[in-house]
> 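Once you've had a glance at the structure underneath, I'll fire off some questions.
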Amino acid sequence: IILLAAVQVQSFADRDEVNEMRLNDLQGKLQDLQHILDERAQTREQRFREFHELRARVHSLTESKCGRREFHCEDSEVHCIHDILVCDGANDCHDGSDEKHCENPAYAGATFHGNEFNNKCEHDFNAEHIHVDVIEEKRYNDFPSISLLDVKVSLDDKSSKMYKGVYSYGEKAMVLYPEHGNGFGMICRFDTDESKFCHAEFISLISRNVCAEAILTLKE
Ligand SMILES: [Ca+2]
């Protein structure tokens, strides 16, 4: 019995040791995982920050009686609603103007092109002709006020770069930033009555200033 008890104790001790090794191993894996998650969160956070800065820039460039992230209803009196309520399928403006013009001109397969003007960008952006190809568009039911975009921007048909961004139904604008690295963000604002043209502004991600413009036309 004493012998059996001793074997039992020994096997418990072994099991403890094995468990501890497994725990250490899991702990290590958990740390690796945390590290990966932290890195991803940082990238995502940075992207969101860039996106919000670009949006803030859009707002500061346009005169609106409504606040940032607000949509100006078309009725005569100033009536502002949050832009996430635009094109969500329910009337929030008294006149229902938040549910008008809800087609996305930047649909997958759409190509816009145009020549730039007012170019005073510091470097690296001396293209004359700009091509914007919308590669993919996704709109989620639980967040219908924007469509997520994957876009290819080509300069003078020589170089091209992938961009990510959104079409905002509230702002009637495409807001794009480069998928990798620095360079230029782009905001292209559509006229609510004419979805075949947009006024593009290129914003240096270094100086945060608009340094070139273009009128982009939908290629048909
Ligand atoms: Ca609405």
Side-chain angles (χ1 to χ4, degrees), residues 41 44-112 114 132-153 162-179 185-203 208 210 213-220:
R44 206 169 49 214
E45 223 171 82
Q46 193 189 337
R47 289 297 177 200
F48 269 107
R49 209 168 41 234
E50 282 169 5
F51 173 58
H52 284 301
E53 278 177 24
L54 285 179
R55 283 176 78 114
R57 186 72 210 164
V58 175
H59 186 73
S60 69
L61 290 167
T62 53
E63 281 179 35
S64 172
K65 288 171 186 152
C66 297
R68 197 176 148 189
R69 303 284 324 263
E70 282 187 326
F71 175 81
H72 187 178
C73 299
E74 284 170 14
D75 37 9
S76 53
E77 285 178 41
V78 177
H79 180 206
C80 307
I81 59 163
H82 197 286
D83 69 5
I84 63 165
L85 300 173
V86 178
C87 297
D88 67 345
N91 287 348
D92 296 286
C93 293
H94 299 315
D95 60 356
S97 55
D98 58 311
E99 298 302 316
K100 280 191 207 163
H101 312 295
C102 285
E103 56 295 330
N104 175 8
Y107 53 87
T111 294
F112 295 88
V132 175
D133 296 301
V134 182
I135 308 293
E136 214 178 307
E137 182 229 339
K138 265 189 225 145
R139 191 176 182 188
Y140 293 98
N141 287 340
D142 51 358
F143 205 65
S145 64
I146 57 164
S147 280
L148 301 181
L149 304 176
D150 283 309
V151 169
K152 188 172 87 175
V153 177
M162 289 304 295
Y163 278 65
K164 284 203 172 289
V166 299
Y167 175 76
S168 157
Y169 293 86
E171 286 167 310
K172 310 288 178 228
M174 253 194 294
V175 183
L176 305 172
Y177 48 82
E179 192 170 19
M186 188 191 93
I187 291 154
C188 208
R189 304 185 67 81
F190 291 85
D191 194 320
T192 44
D193 302 320
E194 185 51 85
S195 58
K196 289 178 181 155
F197 306 95
C198 67
H199 175 208
E201 286 170 310
F202 297 86
I203 295 153
R208 303 278 165 196
V210 172
E213 293 173 66
I215 301 295
L216 300 181
T217 310
L218 180 69
K219 214 173 182 177
E220 287 179 293

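The first residue of the sequence shown is numbered 1, and numbering continues consecutively from there. All ligand and atom numbering here is 1-based and tracks the order in the structure. Treat the numbers as computed from the prediction; the structure is a model and nothing was measured.
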> Under the side-chain hydrogen bond (donor to acceptor under 3.5 Å, both in side chains) test, which residues partner D133, sequence neighbours left out?
T111

> Taking only residues two or more places apart in sequence or in another chain, which ones pass salt bridge (Lys or Arg N to Asp or Glu O under 4.0 Å) with K100?
E74

> Is K138 paired with E136 through a side-chain N to carboxylate O contact shorter than 4.0 Å?
yes

> Return the orientation label for the Y167 and F190 ring planes: parallel under 30°, perpendicular over 60°, tilted otherwise.
perpendicular

> Between Y107 and S147, is any side-chain donor less than 3.5 angstrom from a side-chain acceptor?
no

> Got a sec, which residues hit salt bridge (Lys or Arg N to Asp or Glu O under 4.0 Å) with E213, two or more places apart in sequence or on another chain?
none

> Near the Ca ion (ligand 1), which protein N/O/S atoms are found at less than 3.0 Å?
L85 O, D88 OD1, A90 O, D92 OD2, D98 OD2, E99 OE2

